[in-house]
2 protein chains.
Amino acid sequence: MSDLLERLRERGWRLTAQRRVVAEVLDGDHVHLTADEVHARAVSRLPEISRATVYNTLGELVVLGEVLEVSTDGRAKRYDPNAHHSHQHLICSHCGTIRDVHPAGDPLAALPADERFGFAVSGAEITYRGLCPDCH
Amino acid sequence: MSDLLERLRERGWRLTAQRRVVAEVLDGDHVHLTADEVHARAVSRLPEISRATVYNTLGELVVLGEVLEVSTDGRAKRYDPNAHHSHQHLICSHCGTIRDVHPAGDPLAALPADERFGFAVSGAEITYRGLCPDCH
DNA sequence: ATCCTAGCTTGGACTTTGTCTAAGTCAACA
DNA sequence: TGTTGACTTAGACAAAGTCCAAGCTAGGAT
């Protein structure tokens, strides 16, 4: 994650305590926190950090391509730091747990030309749903 | 769509003017309205219908399996009446237009057993993204 | 045909999630 | 060390959705 901060600094990002804390909170695998969850964890390390800064920082990380925004349920967006490894998501229909998964093949290949309606199709997001081991 | 109302009445649904109007508004192909859009159109046919009733009715239609809820962008949920024909969505990254599409093959087949983490996987939703003919 | 009542609808208050702004603060370069 | 533009803050605001108490009504019962 220090690589991340270094990379961003080289891109002209000003390195503040707040941004460092947000980046630290997002470190790890299978991390899919909401903005409020990120804020809560950030506050425990830097009590005066504001909600607005967390939103700003998450938004910047998304634009910079360092974090993915995932809208799984129409409620709060979640932020996924695993942006450099293409993956999809598997979500428990009961408890909401999210795992990163790697399906075989290229999902775009499954969409025939006559189903593209003249679009220049550039990507596909897949959400698999089912019950996790704890919920069945 | 009258089939729909008949089907619901047989399931014990009380048929009110409000529910009829919501069902009428949702009729058609490639319909993906937000709750507020449904409300706006419903109001033009039945001026006194309330937002709460539109939300209630949409929620019931989703539970009854007659309408799908689609969260495409983390903003308002959209309601898709095409629930009886399995399909996925293709969305224009620029203007937000949504089309129903039908990919080849079973999307679940692409997820290997060792990527299922013990989940009982039951479904997959795919969102294809790209630029529509009007936007490129 | 009328009555009854469980179920439906209503408006408004409330919650959640996210955005915006003006004023103050500070990282990084000179 | 000083300067300055970028960053942060608190709080107001907005959008989307939920909840509730009070009133209304569809449709079966009489």
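Naming convention: chains lettered A, B, ... in sequence-line order (proteins, then strands); numbering from 1 in each chain.
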Kindly give the heavy-atom pair with the smallest separation between A:Pro81 and A:Val67, and that separation in Å. CA-CG2, 4.1 Å

Salt bridge (Lys or Arg N to Asp or Glu O under 4.0 Å) pairs touching residues 78-104 of chain B, sequence neighbours excluded, are B:Glu37-B:Arg78

Within residues 9-18 of chain A, those residues having any heavy atom closer than 4.0 Å to DNA chain C are A:Arg9, A:Arg14, A:Leu15

Identify the 5'-most and 3'-most nucleotides of DNA chain D with at least one atom closer than 4.0 Å to a non-hydrogen atom of chain B. D:dA15 to D:dG27

Residues in side chain to side chain contact (heavy atoms under 4.5 Å, CB included) contact with A:His85, at least two apart in sequence or another chain: A:Asn82

Per the end-axis method with five pairs at each terminus, what is the bend angle of the helix from C:dA1-D:dT30 to C:dA30-D:dT1, to 10°? 30°

Residues that, via side-chain heavy atoms closer than 4.5 angstrom, fall in one hydrophobic cluster with A:Tyr128: A:Leu90, A:Val101, A:Leu108, A:Leu111, A:Phe117, A:Phe119, A:Val121, A:Ile126, B:Leu90, B:Val101, B:Leu108, B:Leu111, B:Phe117, B:Phe119, B:Val121, B:Ile126, B:Tyr128

Among all residues two or more places apart in sequence or in another chain, which pass the side chain to side chain contact (heavy atoms under 4.5 Å, CB included) test with A:Arg51? A:Asp36, A:His39, A:Tyr55

Who passes side chain to side chain contact (heavy atoms under 4.5 Å, CB included) against A:Arg129, sequence neighbours left out? A:Ile91, A:Ser93, A:Thr127, B:Glu125

Residues A:Arg9 and A:Glu6 bridged, charged N to O under 4.0 Å: yes

Tell me, for nucleotides 11-20 of chain C in 5' to 3' order, what letter each nucleotide earns: B for a base near a protein heavy atom under 4.0 Å, S for only sugar-phosphate near one, - for neither? B----SSBBB

For residues A:Cys132 and A:Cys95, report the shortest heavy-atom separation together with the two atoms involved. SG-SG, 3.8 Å

Whole-Å gap separating C1' (C:dA27) and CZ (A:Arg20): 10 Å

Ring pair (Phe, Tyr, Trp, His ring centres under 6.0 Å) partners for B:His136, two or more places apart: none

Nearest heavy-atom contact between A:Leu131 and A:Cys92 is CA-SG, 4.0 Å

Who are the side chain to side chain contact (heavy atoms under 4.5 Å, CB included) partners of B:Arg20, not counting sequence neighbours? B:Leu5, B:Leu15, B:Glu24

By ring pair (Phe, Tyr, Trp, His ring centres under 6.0 Å), B:His87 pairs with (sequence neighbours left out) B:His89

